[in-house]
Number of protein chains: 4
Amino acid sequence: MTNEGNRGRPRSQQARQAILDAAAALLLERALSEVSMDAVAQRAGVSKATIYRWWPTKEALALDALYAEWNTVRPFPRDTGSLRGDLLSLLRPWARLASSRPYGRVLAALLTTAQSDPVFATEYRQRFVEPRRDQARALFQRATERGEIPAGTKIDVALDLLYGPLYHRLLHGHAPLTDRFVRDVVDMALDGILPGPA
Amino acid sequence: MTNEGNRGRPRSQQARQAILDAAAALLLERALSEVSMDAVAQRAGVSKATIYRWWPTKEALALDALYAEWNTVRPFPRDTGSLRGDLLSLLRPWARLASSRPYGRVLAALLTTAQSDPVFATEYRQRFVEPRRDQARALFQRATERGEIPAGTKIDVALDLLYGPLYHRLLHGHAPLTDRFVRDVVDMALDGILPGPA
Amino acid sequence: MTNEGNRGRPRSQQARQAILDAAAALLLERALSEVSMDAVAQRAGVSKATIYRWWPTKEALALDALYAEWNTVRPFPRDTGSLRGDLLSLLRPWARLASSRPYGRVLAALLTTAQSDPVFATEYRQRFVEPRRDQARALFQRATERGEIPAGTKIDVALDLLYGPLYHRLLHGHAPLTDRFVRDVVDMALDGILPGPA
Amino acid sequence: MTNEGNRGRPRSQQARQAILDAAAALLLERALSEVSMDAVAQRAGVSKATIYRWWPTKEALALDALYAEWNTVRPFPRDTGSLRGDLLSLLRPWARLASSRPYGRVLAALLTTAQSDPVFATEYRQRFVEPRRDQARALFQRATERGEIPAGTKIDVALDLLYGPLYHRLLHGHAPLTDRFVRDVVDMALDGILPGPA
DNA sequence: CGGTAATCGAGACGGTACGTCATGTCTTACA
DNA sequence: TGTAAGACATGACGTACCGTCTCGATTACCG
């Protein structure tokens with residue numbers, strides 16, 4: 001960014017952290033559109049110019065702030081011996097985290113920005129979406145090695161079949177995102193809606 | 001709303017339509033946050049006060065405008081004789097419409113508002129989500145009567161399993177929302193990821 | 001300016017006056033550079049946008065505000081029967097007004113802007129300088145008709161010879177702008193520094 | 001100022017000169033308010049802190065920079081044998097210098113600061129005003145010794161009568177500051193507007 | 001058919017946030 | 001210690017949008 005030759009006054013890490021903390025706190029209080037940069041600056045005890053020096057837009061700041069908040073709890077999926085168990089141990093913590101606080105509000109706002117800004121969209125996906133998909137992909141790899149699923153299985157579709165319903169409930173809110181729902185999704189995705197051939 | 005006794009000058013339907021058209025046109029051009037009420041008023045040749053008389057917020061207007069735009073093409077699912085065929089005939093037009101224009105941009109914005117406004121959220125779901133779910137529900141009803149699926153099938157989960165992945169791709173854009181993808185989702189949702197019991 | 005066809009909400013004269021009053025009050029308190037548009041807006045109970053709608057810059061506003069303040073006292077020169085008496089009755093009130101309050105501060109600031117903005121300079125002169133010169137010119141006209149001064153007298157030089165010293169003391173402040181000084185200037189300008197030819 | 005014991009790294013005279021040159025160059029390009037300390041620092045290849053170490057304000061720097069620029073041409077009034085000739089040889093170079101470049105712009109800005117800062121005002125007058133008045137005073141002294149003017153002549157008023165009109169045209173710009181004007185001012189100041197007693 | 005009442009376009013209004021810019025101070029590493 | 005680089009807190013800038021308002025003009029119905 002700036003300060004390439006390590007010359008001049010170094011960036012204040014204290015200010016950086018205060019900004020992220022303030023932004024995260026405000027984002028959990030109210031909608032992104034209701035959070036003003038002035039408010040973030042004031043709560044962080046920081047100049048608005050300092051925020052804009054490091055984050056180009058409010059959305060970019062929200063992305064970083066939410067990511068920091070989000071990653072304080074980093075789930076660690078266990079190897080349960082079966083794809084079903086592995087998926088449950090991966091998705092249940094995600095669902096609990098996602099619904100534990102008004103994260104959906106921020107995610108929706110970020111998603112809105114991503115619709116019009118491809119660079120932002122990529123950044124968003126790399127932070128929030130891809131890591132989870134990679135974890136799930138590893139589970140499917142393990143299941144393939146175990147022989148649980150055939151080699152030709154379309155993994156990317158399977159990933160959408162699992163995460164899609166969770167995001168759907170998180171964002172649309174037509175029904176709650178419970179542990180029970182996660183189990184139902186995993187079961188139905190694995191076994192299918194139609195009864196297996198007798 | 002107003003004018004209960006039908007007294008005074010009646011509401012101009014011409015103005016109403018011009019506003020909806022202008023809003024729709026602008027929403028397909030740019031993000032909701034980039035569309036100002038002044039711009040809508042100017043494009044519609046209408047006073048800002050006239051807009052606010054009939055729509056409380058920009059989001060409410062966007063909801064109506066998108067709905068009008070969205071419903072110009074109303075898919076009509078055929079009875080294909082099988083749940084698989086029915087679902088394809090229901091979901092494929094939806095996916096085509098959803099990805100035919102930058103509707104995702106508007107939907108994401110409406111969804112963002114819905115996160116903080118329960119009344120708006122209900123309105124949004126009643127317009128865009130529930131009708132589709134009702135249609136799908138009818139297909140499942142038909143399948144149950146046909147004996148394709150058992151009586152205890154959790155329909156709501158199944159609905160999320162089908163629409164969730166579609167919304168997921170529409171909103172996250174990590175991969176395109178193609179006919180092929182719709183088919184893969186339907187197949188995998190119906191048959192399951194795991195191979196059926198031999 | 002705007003509102004050519006008398007359409008739309010008419011300009012609030014109340015707001016206009018409140019802005020001018022607030023600006024004048026602040027300008028008498030502190031330097032123009034210390035007066036912020038926010039402060040004027042707040043003191044006037046008015047939106048900043050309303051100020052900018054009618055005045056392009058802070059300096060233009062200051063010009064209007066000072067002019068209103070300045071013109072509350074409008075001196076009326078009497079015909080005293082002699083050029084000397086006429087000039088005294090014209091210049092003494094000017095000097096008293098100019099030094100009665102910190103007008104020099106504002107005038108210097110306006111003058112500074114005028115140095116870089118020809119349009120503003122013209123406006124400034126038309127408001128503050130030309131009317132006074134016109135008044136003085138009339139006195140000289142009367143004196144010519146009386147036969148006090150010859151026909152070929154360079155009036156414009158004479159005007160500078162009278163107003164120049166007054167502005168000089170007002171702006172440079174190397175000595176006070178007293179009634180006594182005005183009398184001395186008038187006397188010396190009329191009679192000359194050198195003793196008349198015996 | 002600082003560095004009384006001559007300890008540590010000595011002040012860079014090179015930096016000092018570069019700062020003054022940069023400031024002078026920028027001040028001749030645009031108004032003082034348009035000249036930022038950052039711009040001066042950058043043009044001088046110097047740190048902003050270095051400027052502030054030696055000059056408390058932008059105005060103080062401008063004062064020094066203009067003074068250096070101004071004094072590159074230092075007029076040397078000749079003894080012409082008459083007060084009229086002496087004054088012309090003093091004032092004509094001043095007027096030429098003053099109108100040769102946009103010095104009026106800087107002078108007006110300094111004058112504006114002087115209105116609110118008595119210390120700065122004194123400094124300004126000691127640099128730009130008093131030396132010229134002292135020179136003129138000497139001419140009047142010579143004229144008194146020659147018997148050209150009576151002993152009781154109010155010299156300070158006479159000085160204002162001469163410099164006042166010049167500053168007036170320089171700052172107000174209602175008419176150009178030509179050699180012709182200087183001659184007219186000297187003539188009219190010496191001889192008076194009224195015809196001498198026959 | 002004239003009065004009443006709600007609508008309309010136009011556009012000014014108070015308010016709030018925006019993103020930028022300049023000021024003057026500071027913190028580092030180097031000279 | 002002086003310096004260049006540059007980050008920092010502060011605070012004003014001028015713009016844009018929001019949602020409300022005040023006009024005069026229009027258009028129905030109702031008496």
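Chain letters run A, B, ... following the sequence lines, proteins first, then strands; residues in each count from 1.
In terms of phosphate contacts, A/W54 brings no side-chain nitrogen or oxygen within less than 4.0 Å of OP1 or OP2 of F/dG6.
Open room surrounds CZ on C/R101; 12 or fewer heavy atoms of other groups in view lie less than 6.0 Å from it.
Rounded to whole angstrom, the span from the OH atom of B/Y52 across to the P atom of F/dG19 amounts to 4 Å. Between the CD atom of A/Q13 and the C1' atom of F/dC8 there is a distance of 14 Å, rounded to whole Å. D/L26 places its CG atom 12 Å from the P atom of E/dA22, with the value rounded to the nearest Å. For the pair B/M37 CE and E/dT16 P, the interatomic distance rounds to 20 Å; values are reported in whole Å. For the pair C/W55 CH2 and E/dC13 P, the interatomic distance rounds to 9 Å; values are reported in whole Å. If you measure from atom CZ of D/R53 to atom C1' of E/dT23, you get 17 Å, rounded to the nearest angstrom. Summarising the geometry, the separation between CD on D/E34 and C1' on E/dC21 is reported as 12 Å, rounded to the nearest angstrom. One can place CD of B/Q42 at 9 Å from P of E/dA10, the figure rounded to the nearest angstrom.
Less than 4.0 Å separates DNA chain F from at least one heavy atom of each of the following residues of residues 44-51 of chain D: D/G45, D/V46, D/S47, D/T50.
When the nearest nucleotides of DNA chain E are assigned to B/A41 and A/A39 by heavy-atom distance, the more 5′-ward of the two goes with B/A41. Residue-to-nucleotide proximity on DNA chain F shows that, of C/V35 and A/A15, the 5′-proximal contact is made by A/A15.
The stretch residues 32-53 of chain B participates, sequence neighbours left out, in no ring pair (Phe, Tyr, Trp, His ring centres under 6.0 Å) pair at all.
Expressed to the nearest 0.5 Å, how far CG of A/D38 lies from CZ of A/R43 amounts to 14.0 Å. Residue D/L110 holds its CG atom at 13.0 Å from CZ of D/R125, rounded to the nearest 0.5 Å.
With distances taken from any side-chain atom of C/D38 to the nucleotides F/dT3, E/dC13, F/dC13, the minimum falls on F/dC13. Picking from E/dA17, E/dA22, F/dC17 the nucleotide with the shortest atom distance to the side chain of A/S36 gives E/dA17.
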Going by atom type alone, with no hydrogens or angles, which donor-acceptor pairs under 3.5 Å involve a side-chain atom of residues 116-123 of chain A and a protein atom two or more places apart or on another chain?
residue, atom, partner, partner atom, Å
A/D117, OD1, A/V119, N, 3.1
A/D117, OD1, A/F120, N, 3.1
A/T122, OG1, A/P118, O, 3.1
A/E123, OE2, A/R127, NE, 3.2
A/E123, OE2, A/R127, NH2, 3.4

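Taking 4.0 Å as the cut-off between side-chain N and carboxylate O, C/R105 and C/E29 do not count as a salt-bridged pair.
Below the 3.5 angstrom threshold, one finds no donor paired with an acceptor across the side chain of A/R9 and the base of F/dC8.
For the pair D/T112 (side chain) and D/A108 (backbone), a donor-acceptor distance under 3.5 Å is present.
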